[in-house]
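Below: the structure, in structure tokens.
Excluded from the calculations below are hydrogen atoms, water molecules and symmetry mates; all remaining heavy atoms, backbone and side chain alike, are included. For reference, positions follow the sequence shown, starting with 1.
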Amino acid sequence: MDLVILAAGEGKRFGGDKLLADIKGVKLYQYMEKIYKKAYDFDNKIIVGKDTEILDYYKKNGFITIYNDKPELGKSRSIKLAVKKLKNIENSGSVLFGVCDQPLLSSETISKIIDEFQKSNKTISSVRCKNRLGNPCIFSSEYFDELLLLGEEEGGKKLIKAHICEVLFVDIENEDELLDIDTKEAYYYVLEKIH
């Protein structure tokens, strides 16, 4: 299983680079790296970002780093940059896509989606709480070419809808795990939840 972390968002609604926000004495991007590290021993680890501080940190922690010079083109650009890299290296045949602004996501949930995906005969997996889909999600390499065709603001959900029979939904109890820090309100909410 390979890992791709998408970390090139512009943080417009947050009013700045949310990945530099403090979570329990470390920056959000550092906090997230520890969650993924604890969850699984990934084959290839890739991060796509726009901030050299973040990319340098992840490089020191064994990641292949990809600089996204045009984050304004939407999340699909980061997905495509990562997929192109995976196609050019010896990849594991499946990749978990995660984000860098989801600090209530547990390592146990990441481990669970990987474990259940690997035991299944499905080719896509997504975390779900009630009827809400969220990150992380997994795609087998057979979808790489389709991921490269995504429009600007499109993401993996487009493929999930198109190939619904191929999707393993992994249900979780706590909807907070799906929360992205997109606003200051979400950030303060997270700070209250993390002890």
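More than 12 heavy atoms of other residues, nucleotides or ligands lie within 6.0 Å of NZ in Lys34, so this atom counts as buried by the packing criterion. The environment of NZ in Lys70 is sparse: at most 12 heavy-atom neighbours from other residues, nucleotides or ligands sit within 6.0 Å. Heavy-atom neighbours of Lys122 NZ from other residues, nucleotides or ligands within 6.0 Å: above the threshold of 12. More than 12 heavy atoms of other shown residues, nucleotides or ligands fall within 6.0 angstrom of atom NZ in Lys80.
Put simply, Val95 and Ile89 are part of the same group of oily side chains (I, L, V, M, F, W, Y) that touch within less than 4.5 Å, one to the next. Hydrophobic clustering keeps Leu73 apart from Val4 (ILVMFWY residues linked when any side-chain heavy atoms are closer than 4.5 Å, directly or through intermediates). In the hydrophobic cluster analysis, where Ile, Leu, Val, Met, Phe, Trp and Tyr join through side-chain heavy atoms closer than 4.5 angstrom, Leu105 is grouped apart from Phe169. Taking hydrophobic clusters as Ile, Leu, Val, Met, Phe, Trp and Tyr residues chained together by side-chain heavy-atom distances below 4.5 Å, Val26 does not share a cluster with Val99. When the side chains of ILVMFWY residues are joined at heavy-atom separations under 4.5 Å, either directly or via intervening members, Leu86 and Ile64 end up in a single hydrophobic cluster.
With 3.5 Å as the limit, one finds a donor-acceptor pair spanning the side chains of Thr123 and Glu166. Residues Ser106 and Glu177 have side chains that bring a donor and an acceptor to within less than 3.5 angstrom of each other. A donor-acceptor pair shorter than 3.5 Å cannot be found between the side chains of Asp115 and Tyr40.
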* **side chain to side chain contact (heavy atoms under 4.5 Å, CB included) assessment of Arg128 paired with Arg132** => CA-CA 6 Å; Arg128 179 174 66 182; Arg132 182 181 167 198; over 6 Å; no
* **Candidate pair Lys37 and Lys45, rule side chain to side chain contact (heavy atoms under 4.5 Å, CB included), full reasoning** => CA-CA 10 Å; Lys37 184 177 183 179; Lys45 299 182 292 184; 5.7 Å; no
* To do: Please assess Leu55 against Tyr67 for the test side chain to side chain contact (heavy atoms under 4.5 Å, CB included), listing each intermediate value before the final yes or no.
  => CA-CA 8 Å; Leu55 294 175; Tyr67 177 64; 4.0 Å; yes
* Just do the side chain to side chain contact (heavy atoms under 4.5 Å, CB included) check on Gln30 and Lys27 with the steps written out, would you? => CA-CA 5 Å; Gln30 296 169 317; Lys27 292 179 180 176; 3.5 Å; yes
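With hydrogens and angles ignored, the 3.5 Å screen pairs no side-chain donor or acceptor of Ser94 with any backbone N or O of Met1. Side-chain atoms of Asp101 do not come within 3.5 Å of backbone N or O of Asp180 as any donor-acceptor pair. Remark: side-chain polar atoms of Tyr187 are not paired, donor with acceptor, to backbone N or O of Phe14 under 3.5 angstrom. Within the 3.5 Å criterion, the main-chain N or O of Glu152 finds a donor-acceptor partner in the side chain of Ser76. Side-chain atoms of Ser111 come within 3.5 Å of backbone atoms of Ser107 as a donor-acceptor pair (strictly under, hydrogens ignored). Between the side chain of Ser92 and the backbone N or O of Asp43 there is no donor-acceptor pair closer than 3.5 Å.
For the pair Leu178 and Asn135, the tightest heavy-atom approach, listed with the atom from each and the gap, is CD2-O, 3.9 Å. Between Ala8 and Ser78 the shortest heavy-atom distance is CB-OG, 3.5 Å. The two residues Lys18 and Ile181 come nearest to each other via the heavy atoms CD-O, 2.7 Å. Between Asn91 and Ser141 the shortest heavy-atom distance is OD1-CB, 4.1 Å. For Ile194 against Lys24, the heavy-atom pair with the smallest separation is CG2-CD, 2.9 Å. Minimum heavy-atom separation, Pro136 to Gly98: CB-CA, 4.4 Å.
Here Leu96 contributes atom CG and Ser125 contributes atom OG; the two are 8.5 Å apart, rounded to the nearest 0.5 Å. Remark: Thr109 OG1 to Ile114 CD1 distance equals 11.0 Å, nearest 0.5 Å. Atom OG of residue Ser126 and atom CD1 of residue Ile113 lie 6.0 Å apart, to the nearest 0.5 angstrom. Asn61 CG to Glu33 CD: the interatomic distance, rounded to the nearest 0.5 Å, is 4.0 Å. With rounding to the nearest 0.5 angstrom, the SG atom of Cys100 is 3.5 Å from the OH atom of Tyr58.
Remark: Lys50 engages Asp17 in a salt bridge (Lys or Arg N to Asp or Glu O under 4.0 Å) (not counting sequence neighbours).
The closest side-chain heavy-atom distance from Tyr29 to Asp51 is not below 4.5 Å. Between Ile138 and Ile124, every side-chain heavy-atom pair lies at or beyond the 4.5 Å cut-off. At least one side-chain heavy atom of Val170 sits under 4.5 Å from a side-chain heavy atom of Lys112. Residues Leu28 and Pro103 meet the side-chain proximity criterion, which asks for heavy atoms closer than 4.5 Å. Between Leu159 and Leu147, the closest side-chain pair of non-hydrogen atoms falls below 4.5 Å. By the 4.5 Å heavy-atom criterion applied to side chains, Leu150 and Lys158 are counted as neighbours. Side-chain contact between Ile66 and Lys85 is present, with heavy atoms from C-beta onward closer than 4.5 Å. With a 4.5 Å cut-off on side-chain heavy atoms, Phe63 and Ile5 count as touching.
Across Ile46, Val48, Leu6, a single residue satisfies side-chain contact (heavy atoms from CB on, under 4.5 Å) together with Leu81, and that is Val48.
Under a 4.0 Å N-O distance rule, the pair Lys87/Asp145 qualifies as a salt bridge. Salt-bridge annotation for Asp176 and Lys193: present, with a side-chain N of the basic residue lying under 4.0 Å from a carboxylate O of the acidic one. The existence of a salt bridge linking Lys130 and Asp171 is excluded, since no basic side-chain nitrogen approaches an acidic carboxylate oxygen closer than 4.0 Å.
Using a 30° and 60° split on the angle between ring planes, Phe97 and Phe139 fall in the perpendicular class, above 60°.
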